[in-house]
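Everything numeric in this text was worked out from a predicted model, so none of it was measured. Atoms within each ligand, like the ligands themselves, are counted from 1 in listed order.
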Amino acid sequence: MLARVIRIAPSLLASDLSYLAGAAEQVSNNADWLHIDVMDGHFVPNLTIGPPVVASLRARTSLYFDCHLMVSNPGELLEAFRSAGADGCSVHVEVGDTSALLAQMRGLGLKVGLALNPDTPLDAALPYLGQLDVLLVMTVFPGLGGQEFIRGPLDKVKLARKFAEDHGLALDIEVDGGINAATGRESVLAGANVLVAGTAIFGTPSPAASVRDIRKEALAALVPGPAYDG
Ligand code: DX5
Ligand code: ZN
């Protein structure tokens with residue numbers, strides 16, 4: 001079995017959006033990645049953060065920027081996000097043109113991620129798993145923070161982890177939506193290793209302590225124990 005590194009990725013969407021650099025600073029000593037939710041008002045109804053904001057934040061923190069592109073035209077934006085300082089981007093498989101988008105991200109020197117909505121089967125991503133750094137499995141429907149965790153997608157996490165192990169792939173499997181210490185633990189038991197959490201981190205009095213709590217549960221779940229059978 002390949003060693004799995006747990007990464008905690010606070011989602012800025014749940015922070016005070018007038019205070020982004022401060023929010024990044026609150027978690028910078030404890031988090032691994034900063035998850036940046038980009039919404040275009042088209043792929044999802046909401047509108048959030050674009051490249052100029054990412055560039056401003058880049059000047060204020062050295063955290064890894066994990067940009068989740070919930071947009072219909074990611075190909076037109078990837079270069080701008082890279083220039084702004086994104087380390088990795090995830091595009092949604094539902095927007096299509098996946099092969100070209102993955103190649104474009106690789107060419108730009110970005111870590112390459114592919115995201116799946118809760119109702120999109122793993123089959124849609126299977127042909128690409130060998131080309132990915134990150135598989136992002138949504139555990140809520142994208143568009144809003146603070147929604148309730150959907151358990152069904154953990155079956156995709158299980159299958160994807162098995163595929164990665166069988167093929168010797170060092171794949172990061174990221175879950176996003178409704179993650180807290182308890183659902184993070186369930187996700188790690190299913191095979192995830194990157195946990196995105198917004199409300200469970202920035203909605204608490206101590207975001208840093210919340211990152212530590214989520215990590216503690218996740219690491220405990222990595223210790224061999226009863227197999228996940230959910
Ligand atoms: C949903 C976003 C998530 C969201 C997570 O569209 O992709 O990253 O901000 O927030 P919580 O943890 O509050 O569900
Ligand atoms: Zn996200």
(message) My understanding is that only residues two or more places apart in sequence, or in another chain, count here; which of them pass ring-ring contact (aromatic ring centres under 6.0 Å, His included) with H35?
(response)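 Applying ring-ring contact (aromatic ring centres under 6.0 Å, His included) to H35 gives H68.
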(message) Using side-chain heavy atoms (C-beta onward) and a distance below 4.5 Å, is V196 in contact with L136?
(response)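 Sidechains of L136 and V196: no contact.
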(request) Answer yes or no: is there a side-chain heavy-atom contact under 4.5 Å between F163 and L135? (result)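 SC-SC contact between F163 and L135 ruled out.
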Side chains of residues 74-89: which donor-acceptor partners sit under 3.5 Å, not counting sequence neighbours?
unit_1 : atom_1 : unit_2 : atom_2 : d
E76    : OE1    : N73    : ND2    : 2.9
R82    : NE     : L108   : O      : 3.0
R82    : NH1    : A86    : O      : 2.8
R82    : NH2    : G109   : O      : 3.1
S83    : OG     : E79    : O      : 3.0
D87    : OD2    : R58    : NH1    : 3.1
D87    : OD2    : F65    : N      : 2.7

(message) Let me confirm one number: the CG-CD1 distance from L12 to I201, rounded to the nearest 0.5 Å.
(response)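 So the CG of L12 and the CD1 of I201 are separated by 10.0 Å.
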(request) Nearest 0.5 Å please: distance from the CD atom of Q131 over to the OG1 atom of T98. (result)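 It is 9.5 Å, given to the nearest 0.5 Å.
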(request) Just do the side-chain contact (heavy atoms from CB on, under 4.5 Å) check on V137 and D176 with the steps written out, would you? (result) CA-CA 7 Å; V137 177; D176 182 11; over 6 Å; no
(message) Ring-plane angle category for F43 and H92, please: parallel below 30°, perpendicular beyond 60°, tilted otherwise.
(response)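 Rings of F43 and H92: tilted, as their planes differ by 30° to 60°.
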(request) Dump the intermediate steps for side-chain contact (heavy atoms from CB on, under 4.5 Å) on E174 and D172, then the final yes or no. (result) CA-CA 6 Å; E174 180 173 26; D172 279 320; 5.9 Å; no
(request) Pull up every protein N/O/S atom sitting under 2.8 Å from the Zn ion (ligand 2), skipping waters. (result)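 Listed by chain and number: H35 NE2, D37 OD1, H68 ND1, D176 OD2.
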(message) List the protein residues in contact with ligand 1, where contact means a heavy-atom separation under 4.0 angstrom.
(response)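 Lining ligand 1: S11, L13, H35, D37, M39, H68, M70, M138, P142, G143, L144, G145, G146, D176, G177, G178, V196, A197, G198, T199.
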